[in-house]
A.B. asks: 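I'd like to ask some things about the structure below.
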Amino acid sequence: MHTSFPNSDVVTKSSTWKLLTIIALAFWLSGSVLLGTVVMPSLYVTGMMTQPDFASAGYTLFGIFNRVELVCAALALTGVFVLRSHHDLWHRRGYAGVILASVLLLITLVDTYTLTPQMSAMGLQ
């Protein structure tokens, strides 16, 4: 005889979203660390930053990375909303997660659509 718990689907979906949110945040953080500690110093040491075409290459590199960041931030915010929906409406910790995920998305939007184009415009001819 098979017995199932009434909330087993909710628990399964909740743990799936929790795993997806953690994977998105881990991928985002590891990509940022890799870009900041390996790629950019390597480009500086090899002298590529002084080349005239570096601005367009940098714009392409950061443009692609910023789009990946946007997807990760959207996944994280969606995951926080889904996980939040399974808890009490006025639970304080849920609000902190929503606020932090929203701030991360806002930072990524500012980087993608404001800072990267302005920094690239300074170096482009």
Side-chain angles (χ1 to χ4, degrees):
M1 184 170 135
H2 177 69
T3 59
S4 69
F5 295 105
N7 291 332
S8 64
D9 288 340
V10 172
V11 171
T12 303
K13 289 179 183 177
S14 177
S15 48
T16 301
W17 273 104
K18 189 181 292 185
L19 181 65
L20 183 65
T21 303
I22 290 171
I23 288 172
L25 290 172
F27 179 72
W28 184 5
L29 180 63
S30 64
S32 295
V33 168
L34 183 70
L35 188 69
T37 59
V38 175
V39 174
M40 293 309 291
S42 298
L43 293 176
Y44 179 75
V45 167
T46 58
M48 292 185 70
M49 288 186 171
T50 59
Q51 300 299 320
D53 292 335
F54 178 74
S56 61
Y59 180 75
T60 303
L61 176 73
F62 282 110
I64 291 169
F65 183 72
N66 286 337
R67 283 1 180 248
V68 171
E69 277 185 322
L70 280 174
V71 170
C72 290
L75 277 173
L77 185 60
T78 303
V80 168
F81 280 139
V82 169
L83 294 172
R84 175 91 175 100
S85 71
H86 297 295
H87 295 288
D88 183 25
L89 185 62
W90 301 108
H91 194 248
R92 282 183 160 260
R93 284 190 345 196
Y95 280 120
V98 170
I99 290 170
L100 288 173
S102 299
V103 167
L104 287 174
L105 180 63
L106 180 67
I107 290 170
T108 304
L109 286 169
V110 168
D111 283 348
T112 302
Y113 296 112
T114 304
L115 295 178
T116 301
Q118 284 183 353
M119 288 173 53
S120 297
M122 284 189 234
L124 292 174
Q125 300 301 330

A.B. asks: Nearest heavy-atom pair of Trp17 and Gly79: which atoms, and what distance?
C.D. replies: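 It is CE3-CA, 3.6 Å.
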
A.B. asks: Test Phe62 against every option in Met119, Met40, Glu69, Arg67 by the side chain to side chain contact (heavy atoms under 4.5 Å, CB included) rule and name the one that passes.
C.D. replies: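 Output: one option passes, namely Met40.
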
A.B. asks: Same cluster for Leu20 and Val82 if Ile/Leu/Val/Met/Phe/Trp/Tyr side chains link at under 4.5 Å?
C.D. replies: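 Leu20 and Val82: one cluster.
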
A.B. asks: Given 3.5 Å as the limit, does a donor-acceptor pair link the side chain of Thr116 with the main chain of Thr112, or not?
C.D. replies: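 The answer is no, because no donor-acceptor pair under 3.5 Å joins these two groups.
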
A.B. asks: Can you tell me how far the CG atom of Leu104 sits from the CH2 atom of Trp28, to the nearest 0.5 Å?
C.D. replies: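 Leu104 CG to Trp28 CH2: 4.5 Å, rounded to 0.5 Å.
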
A.B. asks: Do Phe65 and Leu109 share a hydrophobic cluster, counting only Ile, Leu, Val, Met, Phe, Trp and Tyr and linking them when any side-chain heavy atoms are less than 4.5 Å apart?
C.D. replies: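 In one cluster with Phe65: Leu109, no.
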
A.B. asks: Could you tell me whether the side chain of Leu77 reaches within less than 4.5 Å of the side chain of Ser102, counting heavy atoms only?
C.D. replies: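 Sidechains of Leu77 and Ser102: in contact.
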
A.B. asks: Taking all non-hydrogen atoms of both residues, which atom of Met48 and which atom of Phe54 are closest, and how far apart?
C.D. replies: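 The answer is O-CB, 3.2 Å.
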
A.B. asks: Testing Ile107, Leu100, Leu105 one by one against Val103 for a side chain to side chain contact (heavy atoms under 4.5 Å, CB included), which residue passes?
C.D. replies: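 Result: among Ile107, Leu100, Leu105, Ile107 is the only option passing the side chain to side chain contact (heavy atoms under 4.5 Å, CB included) with Val103.
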
A.B. asks: Has Thr46 got a side-chain atom pairing as donor or acceptor with Leu43's backbone, closer than 3.5 angstrom?
C.D. replies: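 Yes, because the side chain of Thr46 sits within donor-acceptor range (under 3.5 Å) of the backbone of Leu43.
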
A.B. asks: Would you kindly confirm whether Leu29 and Ile23 end up in one hydrophobic cluster when ILVMFWY residues are joined by side chain heavy atoms under 4.5 Å apart?
C.D. replies: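 No, separate clusters.
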
A.B. asks: Find out if a path of hydrophobic residues (ILVMFWY) with successive side-chain heavy-atom gaps under 4.5 Å connects Val80 to Phe27.
C.D. replies: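 No, Val80 and Phe27 fall in different hydrophobic clusters.
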
A.B. asks: If you compare all heavy atoms of Tyr59 against all heavy atoms of Ser120, which two are closest, and at what distance to 0.1 Å?
C.D. replies: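 Shortest heavy-atom contact: CD1-OG, 2.9 Å.
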
A.B. asks: Among Val38, Thr37, Val39, which one satisfies side chain to side chain contact (heavy atoms under 4.5 Å, CB included) with Leu35?
C.D. replies: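 It is Val39; the other options fail the test.
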
A.B. asks: Please report the shortest heavy-atom distance between Asp111 and Asn66, naming the atom on each side.
C.D. replies: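 Closest approach of Asp111 to Asn66, heavy atoms only: O-ND2, 3.7 Å.
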
A.B. asks: Can you see which heavy atom on Gly36 is nearest to which on Pro41, and at what distance?
C.D. replies: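 Closest pair (atom of Gly36, atom of Pro41, distance): O-CD, 3.5 Å.
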
